[in-house]
S.K.: 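Following this message is one structure expressed as structure tokens.
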Amino acid sequence: MKSFTPEKLPSFLSAIGLLLLWKALSLFFLPTFLPSPLELLNTIVSIFSTASAYLVIGKTLQRVFAGLIFSMLIGSSVGLIMGLRRSVGTFFDSWIMVLLTFPSISWAFLAVLWFGLSDVAPIFTVVLIVFPYVTMNVWEGTKALDPELTDMATVFRANRFLLLRKVFIPQLMPYVFSSLRISFALSWKIALVSEAFGASRGVGKELLYWFQGTRADMMLAWGASFMALMVLIDALILRPWENRVFSWRQTAAT
Amino acid sequence: MTSQAVVIEGLGKKFPTPSGLGEFTVIDSLSLQIARGSFASIVGPSGCGKSTLLNIIAGIEPHDSGEVRIASEDGANPRARIGYVFQSPRLLNWLTVEDNIKFALEAQSIGRGDWGERVRKYLDMVGLAGQERNFPLKLSGGMQQRVAIARALAIEPDILLMDEPFSHLDEITARKMRVDLMRILERARPTILFVTHSLREAVFLSEEVYMMSIKPARIFKHLRVEVPRPREPEDPRLFDLEKDLVKEFFAVLEQDNR
């Protein structure tokens with residue numbers, strides 16, 4: 001950790017200000033309606049002192065990652081093929097637009113109708129909402145492929161596979177990674193909504209349960225702890241991974 | 001087997017005009033023969049179609065008429081190997097220096113067993129031994145262009161095409177690169193077709209100089225540079241040649257403008 005510097009003062013004050021405002025507001029309400037920061041922390045600790053909480057979180061994480069991985073795989077390949085074959089691009093263009101504009105909440109309900117209470121419904125919902133974004137992003141990336149490098153590879157007689165592996169895909173990686181981080185943020189929010197409708201267990205189900213019991217403190221506690229976990233995954237896994245993949249970008253010290 | 005490495009006969013190339021309504025002729029019935037093992041330069045003003053000509057020879061630009069034949073050293077191999085050094089290095093920045101060269105070797109289906117030896121040999125030749133694991137963006141512009149030269153030489157091409165390879169470098173670096181290129185070519189000697197707008201560069205580097213006029217491109221003068229190697233950049237004989245050629249160039253340009 002770096003030491004405290006004057007530049008960090010505004011964000012430090014902003015955090016303190018938020019906590020004070022929150023504390024002040026909480027004085028007017030019951031702890032189960034709007035808990036104070038300290039009460040919320042206590043609730044979180046009590047939730048995670050039971051083993052079942054970890055099972056619930058684990059179940060949801062499984063769905064988030066399954067949805068994310070399928071979305072990335074499908075989205076990247078469709079985007080790549082659309083970019084490399086103009087006719088395929090024109091063909092799928094309108095399909096992707098339909099998927100992008102279809103209301104997300106409809107997918108969540110439809111998934112339950114079609115797949116019932118199962119793991120499939122939340123994963124299906126995540127994939128159908130997230131993969132079109134990935135496709136659009138990667139497709140956009142194929143339009144920025146450097147024709148000079150393609151010419152170079154052609155002169156040296158690289159076959160299609162080598163061209164794809166060493167020339168095209170590396171140029172698309174920035175688009176894939178920006179999609180990955182946005183998709184991750186989207187996936188877990190969608191997964192939670194979808195679980196509320198169509199799962200027997202999961203963080204989304206917990207939120208619905210405590211909503212029905214009018215326990216705002218429990219809902220905030222679940223929401224905040226899951227959010228913290230997602231921020232951690234982004235900071236400890238996704239960002240370092242991205243930095244490593246793009247280490248070649250560091251130019252000579254001038 | 002023939003003693004000619006490249007034979008171009010009656011080559012023609014048209015481009016659509018910017019308005020899209022018509023066509024203009026970039027290259028008109030151009031013929032050219034380059035002997036195996038020689039260093040030939042094509043000199044012409046910017047925009048005369050020099051790069052287009054190289055791209056046609058390299059097969060990345062189609063032509064409208066005429067014929068381009070590249071003979072491979074080994075008559076049995078129907079497809080000649082072409083090395084190309086572009087104006088900018090065109091390296092794959094996400095691959096190390098070593099892997100950039102291996103990319104070309106893999107593209108040419110050269111046996112994996114030879115890769116290590118080729119990478120070592122040609123990086124050493126361009127003076128970059130020890131940079132194998134570095135990424136291109138860590139290197140200076142001159143060093144990146146050296147990697148591009150090593151990449152082109154490593155496939156041991158039947159013809160090496162060079163398109164103003166030093167024009168993006170500062171003059172001091174470019175000078176050093178020209179002298180170094182001479183030294184490199186004492187050890188590896190492919191047929192070279194070098195394109196430049198600099199008469200000085202052309203007479204210093206090559207044995208054959210072809211002068212090209214603009215719109216449409218045609219060769220109006222062929223000159224053999226008899227000065228023996230190794231040459232000094234300040235050799236007065238090269239200066240005299242350059243002076244004569246400059247005069248001739250202006251004469252032709254004036255004629256074209258009339």
Side-chain angles (χ1 to χ4, degrees), chain A residues 72 76-77 79-80 83-86 137-138 140-181 238-254, chain B residues 51 54-62 70 77 79-97 99-110 131 133-144 147-148 151-155 157-163:
Chain A
M72 289 305 297
S76 305
S77 356
L80 181 68
L84 297 185
R85 290 238 170 254
R86 190 181 292 268
N137 221 338
V138 172
E140 211 50 55
T142 61
K143 291 173 187 164
L145 288 174
D146 184 352
E148 292 204 335
L149 290 180
T150 312
D151 277 352
M152 183 278 293
T154 312
V155 171
F156 282 98
R157 293 222 208 97
N159 61 31
R160 282 164 168 275
F161 184 58
L162 186 64
L163 188 67
L164 193 67
R165 217 161 31 102
K166 298 272 171 82
V167 183
F168 288 164
I169 291 179
Q171 289 184 76
L172 294 175
M173 284 319 272
Y175 296 86
V176 171
F177 265 94
S178 81
S179 312
L180 176 64
R181 293 193 45 206
L238 299 188
R239 235 178 285 198
W241 187 20
E242 187 171 355
N243 288 339
R244 226 189 47 213
V245 168
F246 295 120
S247 58
W248 58 265
R249 280 180 170 177
Q250 287 159 16
T251 51
T254 43
Chain B
S51 300
L54 279 198
N55 286 340
I56 290 171
I57 297 173
I60 49 180
E61 181 102 56
I70 302 163
N77 176 11
R79 299 219 295 168
R81 291 186 195 283
I82 299 171
Y84 203 143
V85 179
F86 302 87
Q87 280 183 35
S88 55
R90 299 203 192 179
L91 298 175
L92 303 172
N93 290 332
W94 40 90
L95 299 181
T96 59
V97 165
D99 288 343
N100 265 284
I101 295 173
K102 288 180 179 170
F103 171 81
L105 297 175
E106 186 173 356
Q108 295 279 340
S109 318
I110 289 164
Q131 301 287 352
R133 301 285 157 89
N134 249 333
F135 284 103
L137 294 182
K138 290 256 194 223
L139 306 177
S140 68
M143 285 162 95
Q144 291 184 26
V147 177
R151 173 178 66 188
L153 288 173
I155 65 165
D158 295 303
I159 176 130
L160 176 58
L161 306 175
M162 302 182 96
D163 183 9

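Order of the sequence lines sets the chain letters (A, B, ...), proteins ahead of strands, with each chain counted from 1.
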S.K.: So for N159(A), is it side chain, backbone, both, or neither that comes closer than 4.5 Å to the heavy atoms of chain B?
M.R.: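 For N159(A), there is no contact with chain B at all, as no heavy atom is under 4.5 Å.
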
S.K.: Tell me, side chain or backbone of F103(B) under 4.5 Å from chain A's heavy atoms, or both, or neither?
M.R.: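 Both the backbone and the side chain of F103(B) come within 4.5 Å of chain A.
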
S.K.: Name the region of I82(B), side chain, backbone, both or neither, that has any atom closer than 4.5 Å to a heavy atom of chain A.
M.R.: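 Its backbone and side chain both get close to chain A.
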
S.K.: Examine whether an atom of S88(B) lies under 4.5 Å from a heavy atom of chain A, and if so say whether it belongs to the side chain, the backbone or both; otherwise answer neither.
M.R.: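 Side chain of S88(B) only, per the 4.5 Å heavy-atom cut-off to chain A.
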
S.K.: Counting the benzene-type ring for Trp, do W241(A) and F177(A) have ring centres under 6.0 Å apart?
M.R.: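 Yes, close enough.
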
S.K.: A107(B): which residues meet the side chain to side chain contact (heavy atoms under 4.5 Å, CB included) condition with it, sequence neighbours left out?
M.R.: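 With neighbours one apart ignored, the set is F156(A), A158(A), L162(A).
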
S.K.: May I ask you to list the residues in residues 163-173 of chain A that approach chain B closer than 4.5 angstrom, counting heavy atoms only, ordered by number?
M.R.: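 R165(A), K166(A), V167(A), P170(A), Q171(A), listed by number.
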
S.K.: Under 4.5 Å heavy-atom distance to chain A, tell me which part of L105(B) shows up: side chain, backbone, both or neither.
M.R.: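 For L105(B), there is no contact with chain A at all, as no heavy atom is under 4.5 Å.
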
S.K.: Side-chain donor-acceptor pair under 3.5 Å between T154(A) and D151(A), yes or no?
M.R.: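 Checked: T154(A)/D151(A) side chains show no N/O donor-acceptor pair below 3.5 Å.
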
S.K.: We want to know whether E140(A) and N137(A) form a side-chain donor-acceptor pair, criterion being a heavy-atom distance below 3.5 angstrom.
M.R.: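 There is no such pair between these side chains.
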
S.K.: Hey, could you give me the OG/CZ distance between S247(A) and F135(B), rounded to the nearest 0.5 Å?
M.R.: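 Reported value, rounded in 0.5 Å steps: 5.0 Å.
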
S.K.: Using the side chain to side chain contact (heavy atoms under 4.5 Å, CB included) criterion, which residues pair with N243(A)? Sequence neighbours excluded.
M.R.: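 None.
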
S.K.: Rounded to the nearest 0.5 Å, what separation is found between the NZ atom of K102(B) and the CG atom of N100(B)?
M.R.: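 The CG atom of N100(B) is 11.5 Å from NZ of K102(B), to the nearest 0.5 Å.
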
S.K.: Count the heavy atoms of every other residue, nucleotide or ligand shown that sit under 6.0 Å from CZ of R85(A), and state whether that count exceeds 12.
M.R.: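 Open.
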
S.K.: For D163(B), what residues pass the side chain to side chain contact (heavy atoms under 4.5 Å, CB included) criterion, not counting sequence neighbours?
M.R.: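 Here the qualifying residues are S51(B), L54(B), Y84(B), Q87(B), V195(B).
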
S.K.: Just give me the residue among I155(B), I60(B), L161(B) that pairs up with chain A most often, heavy atom to heavy atom, under 4.5 Å.
M.R.: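 The option with the most such pairs is I60(B).
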
